[in-house]
K.L.:
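One structure, as C-alpha cells, below. Some questions next.
The figures that follow rest on heavy atoms only: side chains count, while hydrogens, waters and symmetry mates do not. Note that the coordinates shown come from a computational prediction; the quantities given were computed from them, not determined experimentally.
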Amino acid sequence: MTHDKEAPRIAVIGMGPRSLGALEALATRMGDGAAPLRVETFDPFPACGAGPNFDPRELAICRLNIPMRDIDIRPPEFSRCGSFAEWLQDSPGPDVFPSRADLGRYLEARLDDLRATGRLDLHHNAATVTDLQQRDDGWMVRVGSTWQGPYQEVLLSLGQPEVEPDDQLAQWQRHALTSAGVLAQAYPARRLGAEAANWAGQRVAIRGLALSAFDVLRVLTTEQGGRFADGRYVPSGAEPARILPFSLDGLPPYPKPETKEVDARFDPREAETQVFADAISDAACGSPASARTRLSRALEPVVARILSEQGNPTGAADVSAWLMAEWQEPGSQETAPPHEALMHGIAMAEGSAVPTIGYAIGQVWRKWQDALRSGYNPADTPPETAEVIVAFDEGLKRYSYGPPVSSSRELAALIDAGIVGLGHAVDPDVSLTDTGWELATSAGRTAVDVMIDAVMPSPDLSILRAPVLVGLVNGGRLSPLAEALAANTGKDGQVVGRDGGSVAGLCLLGRLALGSVVAADSLHDCFGEASHRWAEGVVDRLGLMRAGR
C-alpha cells in the first residue's frame, strides 16, 4: 500500500504512555490551521495510551509506586481532562498510591483529547510490525504479509519487548514441560490470580524481590480472599501455605517516606539543586572519574545537612566514604538480614527512625530525577562514563523507586502470619525435582510446587526477540552505545547505527535507549523533555507549520 509521497506521514510502533507523550508534544507544536499530519500507530495491545504497565483491565491491587502528591504528568494545553487528580472522580489524598489501572484509564482519556484536536490525523493498526525497510522515499513497515508506507519518520517506542530468557529461566521453562512443577509469570496479574486459585496449600517461590514481588504477594493473598486488618493478615485458606521470595541480595526495596511531612525532610534546597544540575551537565560530558567526583561533591553536603537535621551526626566525610563504596559496588553496604532491613526501612519511611546515609541519598536522588535527565539526556556522553552513571542510578533504585510503606507493612504482616518466609531470600541454590523445585541455603532446604518469575529483563539488545528489533540489530541500524548499555541514540531520539552515523527517519524512545538516556523507567519521563526533543526534531525535519505561525 502506498500513498502520495508529497504528504508526509509518520509511523509509531508501540502505543503506550511514551508514544502518547511524544504525540502530545508533537501536536502541541502543530498549528490549528495547518493540515493535520497523518500518524499511523501500530500496537496489538488494546489499551492504547496506557499500554500493559497501566492496563485499565488490570487488578486494582496493582499500584503505582508514586504517591498522588508526586504525580506530575501535566496534560498539554489542548487537553480537556485536566490533571490526574482532577480527572479522578474521587481523588485520593496526597499520600495515597493509586492503582495502575486508574492511571491507565486516565491516559486513555488523554489520548481521546489528542484525537479531538484534529492536529494529528491518527490511525491505529492493532497489529504487530515484524520488519522495517528503508527506501529512497521513506520507510516501509511490514504487518503480516503486507508492506505499508512510505513513512518519512518512524518512532520505535516498544517499552519492554519480549526477550530471550536467561539461562536459569530457560532451564525452568523446559523443566515445567516435563515435571509436575508450575512456572508462572508475574504479569498480567489478573491471569496470575486465576492460576493462583489452584495453589491453595501449596508452596510457591517468587524469583525477584523488587516492586513486582509486592503485586505478586497481593495476588497470592488478598486476591484469594485474605485480608489485612489492624496490622495483621487474616488468611482465607485459599492462599498458598508458604510463599518464598528470593533475589541475589535477598533485600526488599526501601519504602518511600509515608507522608508529605516526612518526605519534606529530604527536600534539597533550590541552590543545592542548581549545584547538582551543573554537576550532572559536566559529569555527563567528562570521564568516569570526573563524573564520580562531580556527582559525589554535589551530594555530600546536602545529605550531611539532611542527616544532621534529622538527628544523624554523620558528616560529609562519612557520606563521601559511602558514595565511594556505592560507585564501586552498588548495594554492597547493606549487610543486615532481610527481615531486619525490611523493618528498618518501614521505620525510616514512617519517620520513627533516623535515616541512614543510603536512605537519605536515595530520597535526594529521587527528588533530583528531573535535573538528572535534563543534564544527562541531551549530552553526548562517552560510553564509559554512561556505564558508570547509569549503574549508579540503577543501583540507587532500591531507595529511589521504592514501594509505598503500606506494601512493606503487608510483607511484614505476611511474615508474622507464617505465610511468607525470608529464610531462603538470599541467592538460594535452586535445583530441579520431579514435583517442582528445591531452594537451599544455610537455613535448610524447602521444596516448592510453583515458581513465579518476577524479574524485569535488562534492555540488552542482544537478547531481544521482537522480529522488527532483531532485524534492525542484525542490519546494523540499531547498535548498543556500549556492551553493558542499550541502543545508541541522539538527543532527539534519532537512532545511531553501527557505523556511527544517524539513521535518517528512525527514532527510538524509552528504556531500550538506556545509556543514551538515563532514568527512562519513570512514568514522568514518558511526558518529559525527551518527547519534546523528538517532536522538535520531527517538525524541523519535515518542515511542518508550527503553532503560532
Side-chain angles (χ1 to χ4, degrees), residues 65 203-218 220-221 228 231-233 240-258 307 312 314 318 321-322 325-326 328-363 394-431 437-448 451-452 454-455:
N65 70 320
R203 292 180 295 271
V204 177
I206 305 172
R207 184 177 83 145
L209 195 43
L211 293 175
S212 297
F214 293 100
D215 284 341
V216 171
L217 287 172
R218 282 189 286 271
L220 297 178
T221 55
F228 292 96
R232 297 172 53 250
Y233 178 69
R242 196 76 166 147
I243 305 171
L244 303 172
F246 65 90
S247 65
L248 291 177
D249 64 11
L251 296 177
Y254 289 83
K256 289 186 174 70
E258 183 169 22
L307 290 171
N312 187 331
T314 297
D318 293 317
W322 193 98
E326 181 70 11
Q328 293 172 349
E329 189 176 352
S332 60
Q333 298 166 100
E334 274 92 22
T335 58
H339 188 261
E340 181 182 327
L342 171 67
M343 301 312 294
H344 191 204
I346 291 172
M348 289 190 291
E350 292 172 340
S352 61
V354 174
T356 61
I357 294 175
Y359 192 79
I361 286 175
Q363 304 318 308
E394 292 288 308
L396 286 183
K397 283 182 177 179
R398 65 191 188 276
Y399 297 113
S400 59
Y401 276 48
V405 69
S406 59
S407 295
S408 299
R409 290 195 187 107
E410 288 173 0
L411 173 56
L414 288 168
I415 293 170
D416 290 343
I419 302 292
V420 170
L422 297 181
H424 297 307
V426 184
D427 196 19
D429 291 327
V430 183
S431 56
W437 294 263
E438 185 179 73
L439 308 184
T441 61
S442 59
R445 296 176 176 273
T446 302
V448 298
M451 180 70 71
I452 300 173
V455 174

K.L.:
Taking side chain to side chain donor-acceptor pair (under 3.5 Å) as the test, write out the residues that go with Arg207, two or more places apart.
P.N.:
Asp166, Gln168, Asp453
K.L.:
How far does CD1 of Ile346 sit from OH of Tyr254, to the nearest 0.5 angstrom?
P.N.:
11.5 Å
K.L.:
Closest approach of Val405 and Ala349, non-hydrogen atoms and distance?
P.N.:
CG2-CB, 3.8 Å
K.L.:
Would you please name every residue forming a side-chain contact (heavy atoms from CB on, under 4.5 Å) with Ala417, sequence neighbours left out?
P.N.:
Tyr233, Ile419
K.L.:
With salt bridge (Lys or Arg N to Asp or Glu O under 4.0 Å) as the rule and sequence neighbours excluded, what pairs involving residues 417-427 come up?
P.N.:
none
K.L.:
Gln333: which residues meet the side chain to side chain donor-acceptor pair (under 3.5 Å) condition with it, sequence neighbours left out?
P.N.:
none
K.L.:
So, does Asn65 use its side chain to make a donor-acceptor pair with the main chain of Tyr401 at under 3.5 Å?
P.N.:
yes
K.L.:
My understanding is that only residues two or more places apart in sequence, or in another chain, count here; which of them pass side-chain contact (heavy atoms from CB on, under 4.5 Å) with Pro404?
P.N.:
Phe97, Ser406, Ser407
K.L.:
Heavy atoms only: give me the nearest Arg398-Gly395 pair and the separation to one decimal.
P.N.:
NH1-O, 2.6 Å
K.L.:
For Ala425, is there any backbone N or O sitting under 3.5 Å from a side-chain donor or acceptor partner on Thr441?
P.N.:
no
K.L.:
Looking at residues at least two apart in the chain, or sitting in another chain, which of them share a side-chain contact (heavy atoms from CB on, under 4.5 Å) with Ala321?
P.N.:
none
K.L.:
Within the structure provided, determine whether Thr221 and Val420 are in side-chain contact (heavy-atom separation under 4.5 Å).
P.N.:
no
K.L.:
Taking all heavy atoms of Met348 and all of Pro355, pick out the closest pair and write down the distance.
P.N.:
SD-CA, 3.6 Å
K.L.:
Any side-chain heavy-atom pair from Ile243 and Val216 closer than 4.5 angstrom?
P.N.:
no
K.L.:
Using 30° and 60° as the class boundaries, would you call the ring planes of Tyr359 and Tyr399 parallel, tilted or perpendicular?
P.N.:
perpendicular
K.L.:
Go through the structure and list residues passing side-chain contact (heavy atoms from CB on, under 4.5 Å) with Ala347, not counting sequence neighbours.
P.N.:
Ser352, Ala353
K.L.:
Quick one: salt bridge (Lys or Arg N to Asp or Glu O under 4.0 Å) partners of Arg242, sequence neighbours excluded?
P.N.:
none
K.L.:
Can you tell me how far CZ of Arg203 sits from OG1 of Thr446, rounded to the nearest 0.5 angstrom?
P.N.:
7.5 Å
K.L.:
What are the two closest non-hydrogen atoms of Ile357 and Asp318, and how far apart are they?
P.N.:
CD1-O, 3.8 Å
K.L.:
Name every donor-acceptor pair, under 3.5 Å, that has one atom in a side chain of residues 244-253 and the other anywhere in the protein, sequence neighbours excluded.
P.N.:
{"unit_1": "Ser247", "atom_1": "OG", "unit_2": "Asp249", "atom_2": "OD1", "d": "3.3"}
{"unit_1": "Ser247", "atom_1": "OG", "unit_2": "Gly250", "atom_2": "N", "d": "2.9"}
{"unit_1": "Asp249", "atom_1": "OD1", "unit_2": "Leu251", "atom_2": "N", "d": "2.9"}

K.L.:
For Leu439 versus Pro428, what's the shortest heavy-atom pair and its separation?
P.N.:
CB-CB, 4.3 Å
K.L.:
Under the rule for salt bridge (Lys or Arg N to Asp or Glu O under 4.0 Å), what residues qualify as partners of Arg445, not counting sequence neighbours?
P.N.:
Glu438
K.L.:
When rounded to the nearest 0.5 angstrom, what is the spacing between CG in Leu217 and CG in Leu411?
P.N.:
6.0 Å
K.L.:
Test of understanding: with ring pair (Phe, Tyr, Trp, His ring centres under 6.0 Å), list the residues that count as partners of Phe214, not counting sequence neighbours.
P.N.:
none
K.L.:
Restricting to pairs with a member in residues 402-421, which pass salt bridge (Lys or Arg N to Asp or Glu O under 4.0 Å), not counting sequence neighbours?
P.N.:
Arg63-Glu410, Arg218-Glu410, Glu258-Arg409, Glu350-Arg409
K.L.:
I need the minimum non-hydrogen distance between Thr356 and Asn312, along with the two atoms involved.
P.N.:
CA-ND2, 4.3 Å
K.L.:
Drop me the distance from Ser408's OG to His344's NE2, to the nearest 0.5 angstrom.
P.N.:
13.0 Å
